[in-house]
Amino acid sequence: ALGGSNVLWFAELSNLNNLVFSDNILNGSSGSEVAIGTDFRNDGPFLNSPAKSITTVTVSGNTFSNWGSRALRLGKVGLGTVTEVTVSNNKFLIGSQTTTLTNTEDSLVNAESNYWGSPTGPVASTIVGNVDYRPWYTTSSLNNLDTTAPIPVIISTAGSLTKTSPIPFSVNFGEGMNDFELGDITV
């Protein structure tokens, strides 16, 4: 997809499963370099088409650079669903782009083990939707995974306390967290 091409893979007329997009060099698109989804068109002859689905998608071993809107877009445009998505061992060579990966589905995209253009991982604002991107590779050679856990900051707004007073507090992780539950921490 060199020279400004986009790769669009959509389920319009039938369900799709076991899609694999791997080992490509993508450079210079004006929109999404790769878009995988349902209902690309929701007008004309497609206006009342039934919802379609895409299940089990693997995006791996690719190099994305110089994209327009985003490097990778996953999910529905209108109806349908895209589920069981794994994005791994890719290089997102970020220049001035604002969005790297967009997931328009409620289901989680497993985007662990990618290089996001920086040893500190992606800027949280460049990942849109329900995406698990930790751990990430710290180098573009894809040989060192980040093992640093996020550091929570616990803040209490309590005034004077007694040993029987409830202690209100909030937890800030400094980055997006997936599947966090109150029982995951002890104070």
Side-chain angles (χ1 to χ4, degrees), residues 1 6-12 14-27 29 31-40 42 51-94 97-140 142 144-150 173-181 184:
N6 303 64
V7 176
L8 306 174
W9 206 345
F10 279 81
E12 285 290 337
S14 63
N15 296 323
L16 301 173
N17 57 23
N18 299 317
L19 301 182
V20 176
F21 187 80
S22 64
D23 302 319
N24 298 284
I25 298 171
L26 301 115
N27 181 1
S29 73
S32 299
E33 285 195 323
V34 175
I36 299 172
T38 61
D39 293 327
F40 181 71
N42 219 2
K52 299 301 175 195
S53 66
I54 300 176
T55 57
T56 314
V57 177
T58 303
V59 178
S60 66
N62 302 291
T63 300
F64 297 84
S65 61
N66 300 316
W67 55 86
S69 304
R70 68 197 63 79
L72 182 58
R73 182 197 181 283
L74 303 160
K76 62 188 171 200
V77 172
L79 304 172
T81 58
V82 179
T83 58
E84 300 176 41
V85 178
T86 302
V87 177
S88 63
N89 298 310
N90 297 287
K91 299 174 191 177
F92 294 94
L93 305 178
I94 299 168
Q97 298 82 354
T98 56
T99 304
T100 305
L101 190 154
T102 297
N103 175 20
T104 61
E105 295 290 338
D106 294 330
S107 61
L108 178 69
V109 168
N110 177 350
E112 298 175 1
S113 303
N114 291 290
Y115 177 67
W116 300 98
S118 168
T120 58
V123 174
S125 63
T126 67
I127 306 295
V128 178
N130 193 8
V131 178
D132 177 8
Y133 53 82
R134 180 179 281 280
W136 55 75
Y137 282 108
T138 60
T139 66
S140 62
L142 305 181
N144 296 316
L145 276 176
D146 172 60
T147 57
T148 305
F173 288 96
E175 66 180 67
M177 297 296 294
N178 291 309
D179 301 323
F180 174 77
E181 296 177 10
D184 292 339

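In this structure, OG1 in Thr63 is found 8.0 Å from CG in Leu142, a value given to the nearest 0.5 Å. The distance from the CG atom of Leu108 to the CG atom of Asp132 is 5.5 Å, given to the nearest 0.5 Å. Separating the CG atom in Asp23 from the CG atom in Asn90 is a distance of 9.0 Å, to the nearest 0.5 Å. Rounded to the nearest 0.5 angstrom, Asp146 CG and Thr138 OG1 are separated by 7.0 Å. Atom NZ in Lys52 sits 10.5 Å away from atom CG in Leu79 (nearest 0.5 Å). One finds the OG1 atom of Thr81 at 8.0 Å from the CG atom of Asn15 (value rounded to the nearest 0.5 Å).
Applying the side-chain contact (heavy atoms from CB on, under 4.5 Å) test to Pro135 and every residue at least two apart in sequence or in another chain returns Glu112, Leu145. Taking the side-chain contact (heavy atoms from CB on, under 4.5 Å) definition, one finds that Asn17 meets it with Thr55, sequence neighbours left out. Thr56 pairs by the side-chain contact (heavy atoms from CB on, under 4.5 Å) definition with Asn18, Glu84, not counting sequence neighbours. Here Thr104 pairs with Arg73, Lys76, Thr102 under the side-chain contact (heavy atoms from CB on, under 4.5 Å) rule; sequence neighbours left out. Annotation: side-chain hydrogen bond (donor to acceptor under 3.5 Å, both in side chains) contacts of Ser118 (sequence neighbours excluded): Thr120.
Inspection of the Asn62 and Asn24 side chains reveals an N or O donor paired with an N or O acceptor under 3.5 Å.
The list of ring-ring contact (aromatic ring centres under 6.0 Å, His included) pairs with a residue in residues 100-122, not counting sequence neighbours, reads Phe92-Trp116.
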For a side-chain contact (heavy atoms from CB on, under 4.5 Å) check, start with the C-alpha distance between Ser113 and Tyr137, then their side-chain angles and the critical distance, and finish with the verdict. CA-CA 6 Å; Ser113 303; Tyr137 282 108; 3.8 Å; yes
Determine, step by step, whether Val131 and Leu74 satisfy the side-chain contact (heavy atoms from CB on, under 4.5 Å) criterion, reporting the C-alpha distance in whole Å, the side-chain angles of both residues, the deciding distance to 0.1 Å, and the verdict. CA-CA 11 Å; Val131 178; Leu74 303 160; over 6 Å; no
Could you go through Val82 and Thr38, starting from their C-alpha distance and side-chain angles, then the distance that decides it, and tell me whether this counts as side-chain contact (heavy atoms from CB on, under 4.5 Å)? CA-CA 7 Å; Val82 179; Thr38 61; 4.1 Å; yes
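Here the closest heavy-atom approach between residue Ser69 and residue Ser32 is recorded as CB-N, 4.3 Å. In terms of heavy-atom proximity, Tyr133 sits nearest to Pro122 at CD1-CG, 3.4 Å. Of all heavy-atom pairs between Ser53 and Ala11, the closest is O-CB, 4.2 Å. Shown here for Trp9 and Ile54, the closest heavy-atom pair between the two residues is O-CD1, 4.3 Å.
The side-chain heavy atoms of Ile36 and Leu16, taken from C-beta on, include no pair separated by under 4.5 Å.
The side chain to side chain contact (heavy atoms under 4.5 Å, CB included) test with Trp67 singles out one residue from Leu26, Asn27, Thr100, and that residue is Thr100.
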